[in-house]
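The block underneath contains the structure these notes are about, expressed in structure tokens.
One-based numbering, in listed order, for ligands and for the atoms of each.
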Amino acid sequence: MNSEYKKLEEQFRDINLLGQASAILGWDANTYMPEGASENRGEQLALLSKISHQKLVQSDIGSLLERATPENDWQKANLRCMKHQYSHTTCLPEKLATELTLASNTCEVKWRKCRAENDFKGILPELKKVVDLTMEMAEIKSSKLGLSKYDSLLDMYDPGRRSADVEKVFSVLENFLPTFINEVIASQPTHHPIEQNFPIDTQKALGKHFMGLLGFDFNKGRLDESTHPFCGGTPDDVRITTRYREDDFFSSLLGTLHETGHSLYESNLPKSWRYQCVGEAMGMSTHESQSLFVEKQIGLSNEFIGFLHPKIKEFFGVEINPQTLRANLQQVKKSFIRVDADEVTYPLHVILRYRIEKALIEGEIQVEDLPEVWNSYMQKYLQITPNSDTEGCLQDIHWYGGMIGYFPTYTLGALTAAQLMAKLKQEMPDVSQKIARGELKPIIAWMTNKIHKHGSFFLADDLLKNATGEFLNPQYFIDHVKNRYLAKNK
Ligand code: CO
């Protein structure tokens, strides 16, 4: 191993560990930290991030990256990942990076209030600032990285992903879904809500039971509670959360399954590349494919619902009609709020945001136009109009928190998950029977072999091709929703 490459591994190991420390502090801030400690925690996190940034920028990493000669394919891939991180971080002037962080923090805090008060005008100045600074960042990244402005943002969340590819798959869905959704709604069984109280302690116990079936290692991870479920921590100490409501067991269950999918990806990343860039997960669309695979592909399947049914009786002592259970879990509904949307309408919520944020960054629309453009897309895609901006362009934290270019990864993840399930069914013909028996570990082992253990060795597209023999193809998702949601198939 040449000494330049070796030095790089040492430097990036430190940077990775600093990131891990921040992740644990961040998890704590969102779970157990007393509210009064938030300023103190902010200082700690800012320092860790500063040290990590300095390590990357002020050391000799730039010249080492130029001179290093990797000796095998994994080292080569590691170098590619290091360069990606380095170029995204160092191409920005420090002043702009700091300004953007500050503007995003300020905007996000005020957004919480404005969202609650349906006050889009109130947040306009702060949002404008965030968007202006993001455009400035995109401009710089675009010229330094040789990408379009929007692609230079997308590339931060999903390395190697380009909007030309996103466009190809999104336009297929945009054509297919609106009519399909109307067909499903016209043909689905009448919906009888489940009115039942589910004690929270029992919800926790059943959630953990399913985590165990999926192979979650409680010796190297935890399940806790937070306002918004997330997966944090580190691969060897993975921290997931869910939220509980006494009258709604299914949201906590699906949240737990979703975050368990994320956590299994993290904990099954290649052990021999811990603390190295190539040992990390491959971008947000692949990450989301793992959570959606567990939550939607497995969790909402007829087989899993069949397995869940007696467990509800066993754990809660209540009998729910199996058809009612399925109708509840698989209900398709046109709604305003993305995070509450079912898997069939969800992609349209994402495509709407993708179209808008891309137009914003390319200067085709102004921040002031958001409510109007938003509502016109809602009409076009779902034929509904939000009653307020709280139900419209104020609902998501992303833009207000400075995350532009992130949204596409949700739907790319859903498509990836459907494609992986189609491949799994080919390679493991009794997968449905396995799910029906709650035998989930062999499925996760298959996924570890296809996805988890590769870390960032491949870019997302090549990783999927390597796993399934094909680049991302939206037809698998289309077949999946046709199979699951058209009444004639039920
Ligand atoms: Co997720």
- Message: Restricting to N, O or S, what is the name of the atom of Glu288 that lies nearest the Co ion (ligand 1)?
- Response: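 Result: OE1.
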Short check: any N/O/S atom of [X] below 2.8 Å from the Co ion (ligand 1)?
| X | value |
| --- | --- |
| Glu259 | no |
| His262 | yes |
| Cys231 | no |

- Query: Do His258 and Val294 have side-chain heavy atoms sitting under 4.5 Å apart?
  - Reply: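 Heavy-atom side-chain distance check fails, nothing below 4.5 Å.
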- Is there a side-chain contact between Tyr381 and Leu352 (heavy atoms, below 4.5 Å)?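 In short, these two side chains touch, coming nearer than 4.5 Å.
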- Face-on cation placement of Arg115 at Phe120 ring, 6.0 Å and 45° thresholds: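 So Arg115 doesn't make the cation-pi contact.
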- Would you please indicate yes or no on a ring centroid separation below 6.0 angstrom for Phe477 and Phe176?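 Centroid distance Phe176-Phe477: not below 6.0 Å, so no.
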